[in-house]
Number of protein chains: 2
Amino acid sequence: MNSRSSDHATVRTDTKPTRRKSATSADDDLEVPLKLWVVLARAYAAVSRHVETDVAAHDLTPMEFGILEVLYHRGPMLLGEIQRKVLVTSGGITYLVDRLAAKGFVERQECPNDRRARYAVLTPSGTALIKRIFPAHARTIAQALSGLSTREQSEATDLMRRMGLAAAASSAK
Amino acid sequence: MNSRSSDHATVRTDTKPTRRKSATSADDDLEVPLKLWVVLARAYAAVSRHVETDVAAHDLTPMEFGILEVLYHRGPMLLGEIQRKVLVTSGGITYLVDRLAAKGFVERQECPNDRRARYAVLTPSGTALIKRIFPAHARTIAQALSGLSTREQSEATDLMRRMGLAAAASSAK
DNA sequence: GGCATATATCTTAGTTCTTAGTTACTTAGT
DNA sequence: ACTAAGTAACTAAGAACTAAGATATATGCC
């Protein structure tokens with residue numbers, strides 16, 4: 001039970017150092033993407049922690065913050081538009097906007113063209129909040145990412161954008 | 001209400017095209033890290049979706065899969081060790097191992113040196129499961145990341161690793 | 001117009017975690 | 001040995017969602 005290479009594999013599916021590039025065509029080098037996935041997940045978790053700590057200091061979740069931010073930068077939006085922007089389910093956006101409304105940061109407004117739809121709109125209090133905390137939030141993110149130079153951050157942005165677009169595309173709508 | 005540049009800012013904190021490099025020293029180019037964070041979060045979400053769909057097909061959550069995988073690759077581990085590896089709280093690891101135990105994939109075993117501690121150990125059924133589904137899982141990830149060439153994936157791994165390590169380090173212990 | 005189908009939001013129930021606090025045990029100091 | 005402090009896992013309560021289905025409205029086809 002110890003002679004086969006498939007036992008106790010250390011993430012790599014194939015350990016042989018012989019045959020380096022261009023594998024048998026199937027088994028097309030699974031090691032590199034697996035490693036990227038692990039590293040990506042850890043990096044995302046580490047940065048997320050900074051972001052969560054920051055927004056939690058103002059009694060917000062990252063989702064709540066994201067909604068305030070998008071409303072601040074783009075003005076009133078239909079719930080469905082926000083939903084697609086922040087990637088939650090329809091039930092989720094209802095719940096989130098309820099919470100923000102209970103805190104007094106957003107209001108619902110009827111849509112004149114479509115009586116099913118509702119706009120979420122920042123209240124003066126919500127506008128004041130996001131305007132006040134956004135700059136420090138941006139600095140928190142900048143510091144969390146400061147392990148890379150600005151040049152490297154731009155490279156990373158390019159890579160992550162292309163990776164994400166491809167992944168999203170192959171995931172159906 | 002439309003003449004000041006702080007109104008309706010489009011993510012960038014400063015819009016002036018004059019003065020390009022080396023900002024006033026404070027406000028040290030927040031645009032690049034903000035963009036990276038947005039793109040990173042989207043990319044992570046898109047890839048996560050593939051991963052979740054894949055593991056859900058075997059009635060597992062990503063966390064459950066992660067535990068099975070780490071136990072498979074490293075052998076029996078104390079719950080606290082797994083906890084640190086997969087990044088959950090102590091209550092979370094209890095809950096997760098309970099679920100995996102209820103499904104018959106892992107068992108708890110006493111630790112001879114420390115009677116507070118418990119090992120989680122794969123059952124034969126758990127071993128068979130992870131051995132069976134891991135290869136296809138790896139291929140799913142490879143395909144989700146295939147928007148980048150192998151070379152670019154390696155670059156991305158390097159960048160994400162350094163970024164993640166720095167973010168984790170500046171996040172207290 | 002009237003009907004079928006699609007869409008926008010909401011509701012309910014359930015899942016997956018976290019937080020805070022507990023129990024049991026271990027280790028270090030005296 | 002005895003006590004204080006630390007650590008490992010567990011428990012209870014609750015937060016933040018998701019999934020599935022309900023409701024109300026809109027749209028296109030006949």
Given atom [atom1] of [X] and atom [atom2] of [N], what is their separation to the nearest angstrom?
X      : N      : atom1 : atom2 : answer
B:R115 : C:dT23 : CZ    : P     : 18 Å
B:N113 : D:dA9  : CG    : P     : 13 Å
B:M63  : C:dT15 : CE    : P     : 18 Å
A:E110 : C:dA8  : CD    : P     : 17 Å
B:L96  : C:dT15 : CG    : C1'   : 12 Å
A:L79  : C:dT11 : CG    : C1'   : 15 Å
B:F65  : C:dT16 : CZ    : C1'   : 19 Å
B:D98  : D:dA12 : CG    : P     : 12 Å

Open item on the list: Check B:R162 with A:E152, please: is the shortest side-chain N to carboxylate O separation under 4.0 Å?
Closed with: yes
Task: B:R118 bridged to B:E110 by N-O distance under 4.0 Å - done: no
Task: A:T61 vs B:G80, nearer the 5' end of DNA chain D by closest nucleotide - done: B:G80
Open item on the list: If you assign A:S90 and A:P112 each to the DNA chain D nucleotide with the nearest heavy atom, which residue ends up on the more 5' nucleotide?
Closed with: A:S90
- [ ] Describe the nucleic acid contact of B:G91 in one word from base, sugar-phosphate, nothing, applying a heavy-atom distance below 4.0 Å.
- [x] base
TODO: Identify whether any heavy atom of B:I93 sits under 4.0 Å from a base atom; if not, whether one sits that close to sugar-phosphate; answer base, sugar-phosphate or nothing.
DONE: nothing
Task: B:R132 NZ/CZ over B:F134 ring centroid, <6.0 Å and within 45° of normal - done: no
Looking at the side chain of [X], which of [options] is the nearest nucleotide?
X      : options                : value
B:A117 : D:dC17, D:dA8, D:dC10  : D:dA8
A:D114 : C:dT11, C:dA8, D:dA15  : C:dA8
B:V88  : D:dC17, C:dC17, D:dT11 : C:dC17

Open item on the list: Tell me if the CD atom of B:E81 is crowded by more than 12 foreign heavy atoms within 6.0 Å.
Closed with: yes
Open item on the list: Once hydrogens and angles are ignored, does a donor-acceptor distance under 3.5 Å link the base of C:dT9 to the side chain of A:R116?
Closed with: no
Open item on the list: What I want to check is whether an N or O donor and acceptor connect the side chain of A:T89 with the base of D:dC17 at under 3.5 Å.
Closed with: no
- [ ] Is it possible for you to say whether B:Y72 and B:V97 belong to one hydrophobic cluster, with membership spreading through side-chain heavy-atom contacts below 4.5 Å?
- [x] yes
Taking only the side-chain nitrogens and oxygens of [X], find out if one of them lies under 4.0 Å from OP1 or OP2 of [N].
X      : N      : result
A:Y95  : C:dC10 : no
A:R108 : C:dC10 : yes
B:R118 : D:dA9  : no
B:R99  : C:dC17 : yes

Open item on the list: Which residue in the set A:D158, A:L145, A:T150 passes side-chain contact (heavy atoms from CB on, under 4.5 Å) when paired with B:L36?
Closed with: A:L145
